[in-house]
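Report on one structure; see the data block that follows.
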Amino acid sequence: MANQLKDFPKQPEGEEMEKIEFGLCPVLKQDAPADSKSLYAAFDEDLTACENKYKGHRFEVSGVALKVAPDVHHKPAIELSDKVNGKCYVLCVFNSEDIFSVVKEGDMVVCRGNYLVASSHYGIVLKNSEVVKIK
């Protein structure tokens, strides 16, 4: 059943949100980082199964840095896509602006972060992200 992503899903609040934003959730065991486009498609295909798998976890995702700039809340962020000038499938939000001097648009990166929410508008959102690798 495709097209399950909601435009603006409800975000966690209080302690749960603080843990996602600033804490380190348990790391999800992965054989390889999830590809940004494939991850988005998986959430769109079966939102419940993906949220059961990723909610409360930290995991790795790979993609091309489409945009490296503050997000709508003025937090440092990287939009990940499958190609330059593509669609944003994953939004990685960081706690430090240091990311702006490390990653450039067009870089292939692997990021790890805490799952926050998935939506058709923002894509898959990861908080308290970190760059694992720049290819």
Side-chain angles (χ1 to χ4, degrees):
M1 181 191 307
N3 300 317
Q4 293 189 339
L5 295 182
K6 301 171 188 150
D7 284 330
F8 297 101
K10 187 174 190 265
Q11 294 190 15
E13 297 177 350
E15 286 182 28
E16 184 181 1
M17 181 62 181
E18 191 169 311
K19 179 182 176 185
I20 293 168
E21 184 120 30
F22 301 107
L24 296 178
C25 294
V27 175
L28 183 70
K29 184 173 175 10
Q30 296 172 273
D31 293 330
D35 167 81
S36 62
K37 184 177 181 179
S38 298
L39 181 69
Y40 183 91
F43 268 88
D44 194 38
E45 185 66 31
D46 193 340
L47 180 62
T48 301
C50 285
E51 287 201 325
N52 287 339
K53 178 178 180 178
Y54 293 104
K55 188 175 182 180
H57 288 94
R58 206 166 169 69
F59 63 94
E60 293 182 3
V61 63
S62 66
V64 175
L66 186 63
K67 185 175 176 185
V68 182
D71 69 2
V72 296
H73 301 289
H74 309 290
K75 304 261 184 168
I78 298 175
E79 293 181 5
L80 296 180
S81 183
D82 61 330
K83 60 186 174 187
V84 175
N85 297 324
K87 173 184 174 172
C88 174
Y89 295 111
V90 177
L91 177 67
C92 300
V93 183
F94 297 80
N95 291 334
S96 168
E97 291 184 359
D98 293 347
I99 194 63
F100 297 140
S101 63
V102 176
V103 176
K104 304 293 180 234
E105 291 175 10
D107 286 349
M108 178 61 118
V109 297
V110 175
C111 294
R112 180 185 303 128
N114 297 333
Y115 172 74
L116 173 65
V117 72
S119 75
S120 59
H121 184 75
Y122 296 113
I124 311 309
V125 180
L126 303 181
K127 291 288 207 159
N128 196 12
S129 296
E130 61 184 320
V131 172
V132 175
K133 184 187 293 186
I134 303 172
K135 300 179 188 178

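Identified under the salt bridge (charged side-chain N to carboxylate O under 4.0 Å, His left out) test for residues 88-106, with sequence neighbours left out: none.
Each of M108 and F100 belongs to its own hydrophobic cluster when Ile, Leu, Val, Met, Phe, Trp and Tyr are linked at side-chain heavy-atom distances under 4.5 angstrom. In the hydrophobic cluster analysis, where Ile, Leu, Val, Met, Phe, Trp and Tyr join through side-chain heavy atoms closer than 4.5 angstrom, F59 is grouped apart from V132. V110 and L91 are members of different hydrophobic clusters when ILVMFWY side chains are connected at heavy-atom separations under 4.5 Å. Put simply, V93 and V117 are part of the same group of oily side chains (I, L, V, M, F, W, Y) that touch within less than 4.5 Å, one to the next. I134 and V68 fall within the same hydrophobic cluster, where Ile, Leu, Val, Met, Phe, Trp and Tyr residues are linked whenever their side-chain heavy atoms come under 4.5 Å apart, directly or through other members.
Take E51 and apply the salt bridge (Lys or Arg N to Asp or Glu O under 4.0 Å) test, not counting sequence neighbours, and it matches no residue. K75 is linked by a salt bridge (Lys or Arg N to Asp or Glu O under 4.0 Å) to E21, counting only residues two or more places apart in sequence or in another chain. The side-chain contact (heavy atoms from CB on, under 4.5 Å) search around S129 returns C92, F94, L126, not counting sequence neighbours. In this view, D107 satisfies the salt bridge (Lys or Arg N to Asp or Glu O under 4.0 Å) rule with no residue, not counting sequence neighbours. When the salt bridge (Lys or Arg N to Asp or Glu O under 4.0 Å) test is applied to E130, the partners found at least two apart in sequence or on another chain are R58, R112.
For the pair Y40/C50, no side-chain contact is recorded, criterion being any heavy-atom separation below 4.5 Å from C-beta on. In this structure, E60 and V27 have side chains that are not in contact, with every pair of non-hydrogen atoms separated by 4.5 Å or more. Two residues are said to be in side-chain contact when any heavy atoms from C-beta on lie closer than 4.5 Å; T48 and D46 meet this criterion. The shortest side-chain heavy-atom distance between L80 and Y89 does not fall under the 4.5 Å cut-off. At least one side-chain heavy atom of V131 sits less than 4.5 Å from a side-chain heavy atom of C111. When side chains are defined from C-beta on, L28 counts as touching Y54, because their heavy atoms get closer than 4.5 Å.
The aromatic rings of Y115 and F43 lie parallel to each other, their planes meeting at an angle below 30°, with 60° marking the opposite boundary.
The number of heavy-atom neighbours closer than 6.0 Å to CG of N52, taken from other residues, nucleotides and ligands shown, is above 12.
The two residues I99 and P76 have their closest heavy-atom pair at CG2-CB, 3.8 Å. Of all the heavy atoms in C25 and G56, the pair that sits closest is CB-O, 3.5 Å. Closest approach of K127 to I20, counting heavy atoms only: CB-O, 3.5 Å. Listed here is the closest heavy atom pair of K83 and L66: O-CD1, 4.0 Å. Shown here for K19 and N114, the closest heavy-atom pair between the two residues is O-ND2, 3.7 Å. Counting all heavy atoms, side chain and backbone alike, N128 lies closest to G23 at ND2-O, 2.6 Å.
Atom CG of D71 sits about 9.0 Å away from atom CD of E79, to the nearest 0.5 Å. Rounded to the nearest 0.5 Å, atoms CG (L39) and CG (D82) are 12.5 Å apart.
Under a 3.5 Å cut-off, the side chain of S81 and the backbone N or O of K87 do form a donor-acceptor pair.
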